[in-house]
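Before any comments, here is the structure.
Protein chains get the first letters and strands the later ones, always in sequence-line order, with residue 1 at the start of each.
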There are 2 protein chains.
Amino acid sequence: MEPIRRQQLIQATMAAIDEVGLADATVARIARHAGVSAGIISHYFGGKDGLLEATMRRILSDLGDAVAARRRDRPDDSPRAQLQAIIEGNFDRSQVTGPVAKTWLAFWASSMHKPALQRLQQVNDRRLHSNLCAQFRRLMPRDEAHRAAQALAAVIDGLWLRGALTPEGLDAKAARRTALATLDQLLDAAPHPVH
Amino acid sequence: MEPIRRQQLIQATMAAIDEVGLADATVARIARHAGVSAGIISHYFGGKDGLLEATMRRILSDLGDAVAARRRDRPDDSPRAQLQAIIEGNFDRSQVTGPVAKTWLAFWASSMHKPALQRLQQVNDRRLHSNLCAQFRRLMPRDEAHRAAQALAAVIDGLWLRGALTPEGLDAKAARRTALATLDQLLDAAPHPVH
DNA sequence: CTTTATTGATTGAACGTTCAATAAAAAAAT
DNA sequence: ATTTTTTTATTGAACGTTCAATCAATAAAG
């Protein structure tokens with residue numbers, strides 16, 4: 001029963017946040033979305049905070065899985081191919097859907113003042129940056145790779161942010177194209193591989 | 001008295017949001033920051049929502065002023081110079097400071113479900129995009145200019161987002177450098193001016 | 001004296017958590 | 001196989017807390 005309820009409640013949390021925002025996502029509303037009683041939340045997650053943390057953990061975990069899968073399925077091990085896989089993983093279908101994107105941004109804002117969420121966010125942030133950096137590092141000096149990784153990460157997050165905010169939701173195809181174009185420019189700007 | 005109190009309360013709102021986040025920025029706390037009673041807020045802003053809207057309006061207005069000032073002070077009217085001015089205006093000192101950046105992100109997340117804030121945010125968004133687009137348009141075809149503007153806007157917002165979240169606050173100098181480098185790449189990629 | 005500015009206690013609504021009661025399921029005993 | 005016992009799962013009303021808004025009372029200014 002436990003894994004079923006946890007999954008139901010995490011999904012219901014995203015649905016509620018998508019519907020009315022984090023501020024108005026009360027335990028009563030979340031429970032109603034899941035078709036259960038409000039008391040269940042404290043029973044399985046120890047309280048509302050526990051449920052919110054579990055929900056953010058799930059989103060970041062799914063995002064990491066999407067990136068890892070794209071990289072694994074790509075036989076080409078070249079830096080450009082791997083960077084493309086990372087970008088495409090970040091704009092994976094399941095991640096840019098309305099509820100997930102909105103919940104993600106809500107947590108991001110919330111993590112500014114909640115240490116538990118801030119830790120999760122920083123771990124995810126560092127993982128993305130080191131993934132990008134490692135690939136750029138194969139093509140350019142350290143400082144340059146660092147800057148390229150920062151620029152690409154900013155583009156990815158910026159597109160997510162704007163996508164979460166537009167009423168129509170993120171245009172995944174256009175976002176992917178923009179991010180890939182930025183990648184190409186970053187690579188063309190430093191065409192001197194480090195042997 | 002009125003303009004003084006309004007200014008005090010708007011500043012106090014940013015201070016409170018910087019301190020404990022939007023969720024815990026109660027009217028009592030904001031009033032305490034301003035050194036006045038809680039009842040004053042309803043008197044001058046009609047309620048808490050009015051104060052929050054006025055605060056967001058102030059942030060966006062200050063941002064617009066910073067950009068306009070940078071463009072005005074720049075004698076060079078070339079596209080590149082104007083785009084640089086827009087970028088530098090977006091990373092103006094008064095805007096990237098802790099309280100302002102955190103409040104800005106908090107409102108951005110909140111605007112997903114509050115129509116009043118969403119309108120403000122969209123107006124600001126469209127202004128940035130059309131400013132960028134108009135300059136790129138002088139150097140490349142329409143579609144290409146549109147895409148370049150989207151990419152640069154994503155970088156700017158992404159840098160803001162990441163800056164608001166890092167505990168140390170945004171490194172304005174590094175952010176400006178990253179955005180300007182992206183601009184240079186966008187311009188170099190399309191070196192065929194439309195006469 | 002009149003108007004404006006300000007206070008702060010009060011009010012009613014909304015929220016998260018708790019917990020005793022109940023239902024369902026599983027295990028044990030007959 | 002049936003009944004009894006034990007454990008687990010779930011409910012929803014009650015409780016205490018917190019908050020925004022109100023408004024009569026007071027102070028200051030014109």
Heavy-atom side-chain proximity of [X] to [Y] below 4.5 angstrom:
X: B:Phe136; Y: B:His146; value: no
X: B:Arg147; Y: A:Arg177; value: yes
X: B:Arg137; Y: B:Pro79; value: no
X: B:Val36; Y: B:Leu9; value: yes
X: A:Thr55; Y: A:Arg57; value: no
X: A:Asp184; Y: A:Arg80; value: yes

Return the value, rounded to whole Å, for the distance between atom [atom1] of [X] and atom [atom2] of [N].
X: A:Arg32; N: D:dT11; atom1: CZ; atom2: P; result: 14 Å
X: A:Leu22; N: C:dG16; atom1: CG; atom2: P; result: 11 Å
X: B:Ile4; N: C:dT4; atom1: CD1; atom2: P; result: 17 Å
X: A:Phe45; N: C:dT17; atom1: CZ; atom2: C1'; result: 16 Å
X: A:Ile30; N: C:dT17; atom1: CD1; atom2: C1'; result: 14 Å
X: A:Glu2; N: D:dT8; atom1: CD; atom2: P; result: 12 Å
X: A:Asp24; N: D:dA20; atom1: CG; atom2: P; result: 13 Å
X: B:Lys48; N: D:dA21; atom1: NZ; atom2: C1'; result: 12 Å

Residue pairs fulfilling salt bridge (Lys or Arg N to Asp or Glu O under 4.0 Å) with at least one residue in [range], sequence neighbours excluded:
range: residues 30-49 of chain A; answer: none
range: residues 9-19 of chain B; answer: B:Asp18-B:Lys102, B:Glu19-B:Arg29
range: residues 107-125 of chain B; answer: A:Arg162-B:Asp125

Residues within residues 108-121 of chain B bordering DNA chain C, heavy-atom distance below 4.0 Å: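 Within this stretch, nothing sits under 4.0 Å of the strand.
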For A:Arg127, does the CZ atom sit with more than 12 other heavy atoms under 6.0 Å from it, leaving out its own atoms?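 Enclosed: over 12 neighbouring heavy atoms sit under 6.0 Å from CZ of A:Arg127.
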Please walk me through it: do B:Glu88 and B:Arg74 pass salt bridge (Lys or Arg N to Asp or Glu O under 4.0 Å)? CA-CA 11 Å; B:Glu88 281 168 14; B:Arg74 187 156 309 216; 3.1 Å; yes
Mind listing the N/O atom pairs, protein and nucleotides 22-25 of chain C, below 3.5 Å?
none

Tell me, for nucleotides 6-12 of chain C in 5' to 3' order, what letter each nucleotide earns: B for a base near a protein heavy atom under 4.0 Å, S for only sugar-phosphate near one, - for neither? BBB----
